[in-house]
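Just so it is clear: chains get the letters A, B, ... in the order the sequence lines come, proteins before strands, and each one is counted from 1. Keep in mind it's a predicted model, so treat the numbers as computed, not measured.
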Amino acid sequence: MIRTRFAPSPTGYLHVGGARTALFNWLFARKYGGEFVLRIEDTDQVRSTAESAAGILADLQWLGLDWDRGPVPGDAKNDYFQSMRLDIYNEYLNQLLQSGAAYEAYETPAQLAAMRARAEKEKRPFRYRKNMPGRASPGAGPSVLRFEMPYETVEFNDLILGPISVGGDEHDDIVIRKSDGFPTYHFAVVVDDHLMGISHVLRAQEHLMNTPKHLGLYRALGWTPPQHAHMPLVFNMDNTKMSKRDKSKAARHAVQMRLKQDASLTIDSLAAKMGIASASLQAFVQQKMDDPAITGALAGALNLQLPEIDVQDFRRSGYLADALLNFIALIGWSPGENREMLTRDELRSLFSLEGIGKTNGRFDRKKLLWMNGEYIRQADDQKLLKAIESFNLVTEYPLKQASAKVLIDLIGMYRERMGTLAEMAENSRFFFGPPVYEPKAIKKYLATEADIAHLRQIAAILREIPTPWDAASLAGPMESIIALGDKRGAAAQILRVAVSGGAVSPPLLETLVLLGKDVTMQRLKELEGMVQAKPPV
RNA sequence: GCCCUCAUCGUCUAGAGGCCUAGGACACGGGCUUUUCACGCCUGUAACUGGGGUUCGAAUCCCCAUGAGGGCACCA
């Protein structure tokens with residue numbers, strides 16, 4: 001039976017790279033009627049948090065990647081958290097100790113660092129081996145357990161990359177039990193993959209060099225290893241690795257720009273505005289730390305658009321789960337036949353390891369944006385309504401106040417003209433409150449006395465419309481308004497500015513209907529007052 | 001530095017020796033449509049990293065060079 005797993009460590013949010021790994025494992029299991037296991041690798045006691053684990057679960061659920069075995073959302077830790085399996089690891093750790101395959105080592109981290117530094121200075125690779133000279137002898141300090149890796153070439157057939165071979169003197173004796181008694185990743189992963197019956201390990205290529213070590217462990221334990229497949233990595237467009245630090249990097253860059261541009265802005269005043277100690281902000285700006293909380297606060301204070309990295313970033317930016325999944329699947333995998341818009345079912349039936357390429361890909365946000373727009377345009381009202389409700393759960397736009405009925409109206413107006421739900425949320429603000437008049441638009445469309453005369457004529461035309469104020473009753477008057485200008489459309493822009501505040505909005509007819517007569521007339525009047533009080537030069 | 005891996009348009013990719021004057025999509029340019037912005041439609045620019053082989057024939061196979069990426073933790 002095919003059984004795959006996704007095994008994140010709960011040290012942060014689920015980022016798109018992890019989501020892709022999860023997706024491929026999920027697709028592979030689902031395609032062949034196998035099982036998909038989710039396991040939380042929380043063997044790093046310092047960095048792992050329960051909130052992070054819960055967040056990863058929530059993100060996977062939002063993506064619709066369901067697991068057959070694993071943690072139960074909302075429940076306490078179960079067997080699929082490695083921190084709950086210490087007894088199991090200890091049993092096998094003892095087995096290796098007794099068989100002589102593992103041994104204790106006593107170096108402190110500082111000693112190891114010194115040994116590495118010396119090796120580097122002498123221009124030779126550092127490998128910790130049992131028979132190397134200068135090993136520390138048992139002392140008062142805690143010890144770790146290391147696995148004695150045989151001095152043999154390890155060969156295996158990677159299902160994506162083909163035959164891989166690593167020479168015997170490249171190995172070193174990895175730590176398998178840390179001094180805090182927890183197993184290391186290398187050990188826990190082998191034990192769990194075996195015990196959980198994982199048949200295929202599909203993971204990112206950054207793990208390729210771990211595989212020989214894991215294979216050594218399988219052999220020492222007397223187990224048959226699973227098949228391995230290492231997928232190409234995903235990078236930013238500038239070829240840097242996509243990482244959560246991209247967000248702090250962008251925030252830091254923005255702060256430095258603003259400080260340069262705006263002399264009145266200082267670290268102190270900014271920190272005060274953000275409600276944090278200026279020493280913290282200082283440290284952040286000087287790259288001494290990358291606190292995500294500061295990054296977030298900075299984005300709020302400076303109104304920044306940070307690059308989306310984590311799954312929840314994309315959710316908050318108004319990407320649809322299906323679109324994100326479809327897009328991510330296409331980085332490093334292709335179904336052939338020039339196909340790329342693929343439903344979840346198509347993805348599943350078309351997926352194969354053979355379709356996975358060997359070259360690293362770049363994350364092209366422009367294409368994702370296009371694809372998300374395609375998904376939005378193809379979705380029916382109900383589907384979009386659901387997506388918006390999900391979006392509203394994690395964002396704070398005025399759109400949040402809208403009833404389902406109003407949302408349906410807005411969907412009709414924005415479906416064709418939005419790339420993300422956030423664009424709709426942003427652009428539809430004027431439906432929920434007074435418009436913010438853009439000086440540029442006023443200057444362009446209400447520059448002359450003739451423009452202001454048109455504004456009054458528009459108001460006069462609209463005022464005469466009897467109830468009901470609807471598409472039918474507005475159609476004729478709208479034509480008259482358009483006919484007002486010498487250029488077709490010029491007068492319509494005046495009305496558009498009046499109701500929306502800017503030069504861009506959905507078609508006026510629908511816009512006016514949704515706004516209602518009272519609001520429309522009021523905004524017309526308000527704009528007239530504005531331009532009269534401050535006559536354009 | 002050492003080890004491993006990879007190499008087709010700016011980007012994602014199709015291509016498994018002749019179907020390739022290298023196909024599709026995004027992005028970009030031009031045009032049409034249009035009450036704004038979009039959407040839509042038509043259309044254009046654009047790639048086999050280089051050098052050696054193998055073969056009647058190479059984007060496809062082999063070697064070397066170059067370039068890119070990954071790994072070298074008591075992180076996963």
Nearest-angstrom distance, C1' atom, U34(B) to C41(B): 13 Å
Just N and O in the side chain of Lys241(A): are any of them under 4.0 Å from OP1 or OP2 of G71(B)? yes
Tell me if the side-chain of Lys367(A) makes a donor-acceptor pair with the base of A27(B), cut-off 3.5 Å, by modelled atom types. no
Does OP1 or OP2 of C2(B) have a side-chain N or O of Arg127(A) closer than 4.0 Å? no
Ignoring hydrogens and angles, answer whether the base of G23(B) and the side-chain atoms of Asn338(A) contain a donor-acceptor pair closer than 3.5 Å. yes
Kindly state whether the ring of Tyr375(A) and the ring of Tyr319(A) have centres lying under 6.0 angstrom apart. no
Across all strands, who's sitting opposite U5(B) as a Watson-Crick or G-U wobble pair, both distances under 3.5 Å? A68(B)
I'd like to know if Ser179(A) reaches the base of C74(B) with its side chain, counting only an N/O donor and acceptor under 3.5 Å. yes
Please confirm whether the shortest side-chain N or O distance from Arg362(A) to OP1 or OP2 of G69(B) is below 4.0 Å. no
For nucleotides C63(B) and A25(B), find the distance between their P atoms and express it as a whole number of Å. 36 Å
Hey, does the Lys NZ or Arg CZ of Arg146(A) hover above the aromatic six-ring of Tyr128(A), less than 6.0 Å from the centre and inside 45° of the axis? yes
Looking at Arg116(A), does any N or O in its side chain come under 4.0 Å of the phosphate oxygens OP1/OP2 on C74(B)? yes
Looking only at side-chain N and O atoms, does Lys358(A) come under 4.0 Å of OP1 or OP2 in C4(B)? no
When you compare G24(B) with A14(B), how far apart are their C1' atoms, in angstrom units rounded to a whole number? 7 Å
Please state whether the phosphate of C12(B), meaning OP1 or OP2, lies under 4.0 angstrom from any side-chain nitrogen or oxygen of Lys366(A). no
Once you apply a heavy-atom cut-off of 4.0 Å, does His230(A) come out as touching a base, just sugar-phosphate, or nothing? nothing
Go through U13(B), C74(B), G69(B) for me and flag the one nearest to the Ile331(A) side chain. U13(B)
Once side chain to side chain donor-acceptor pair (under 3.5 Å) is applied, what residue pairs with a partner in residues 207-216 of chain A remain, sequence neighbours excluded? Tyr185(A)-His207(A), His186(A)-His214(A), Arg203(A)-Thr211(A), Arg203(A)-His214(A), His207(A)-Asn210(A), Thr211(A)-His230(A)
Looking at Thr43(A), I'd like to know whether one of its side-chain N or O atoms comes within less than 4.0 Å of OP1 or OP2 on A76(B). yes
Ser505(A) near the nucleic acid: base, sugar-phosphate alone, or nothing, with a heavy-atom cut-off under 4.0 Å? base
For Asp192(A) and Tyr80(A), test the side chains for any donor-to-acceptor distance below 3.5 angstrom and give the result as yes or no. no
Residue Phe235(A), side-chain heavy atoms: nucleotide from G69(B), A76(B), U11(B) that is nearest: G69(B)
Sequence neighbours left out, what passes side chain to side chain donor-acceptor pair (under 3.5 Å) with Arg20(A)? Give chain and number order. none
Can you find a donor-acceptor N/O pair under 3.5 angstrom joining the side chain of Arg417(A) to the base of C37(B)? yes
Pairwise P distance for A22(B) and C3(B), with rounding to whole Å: 40 Å
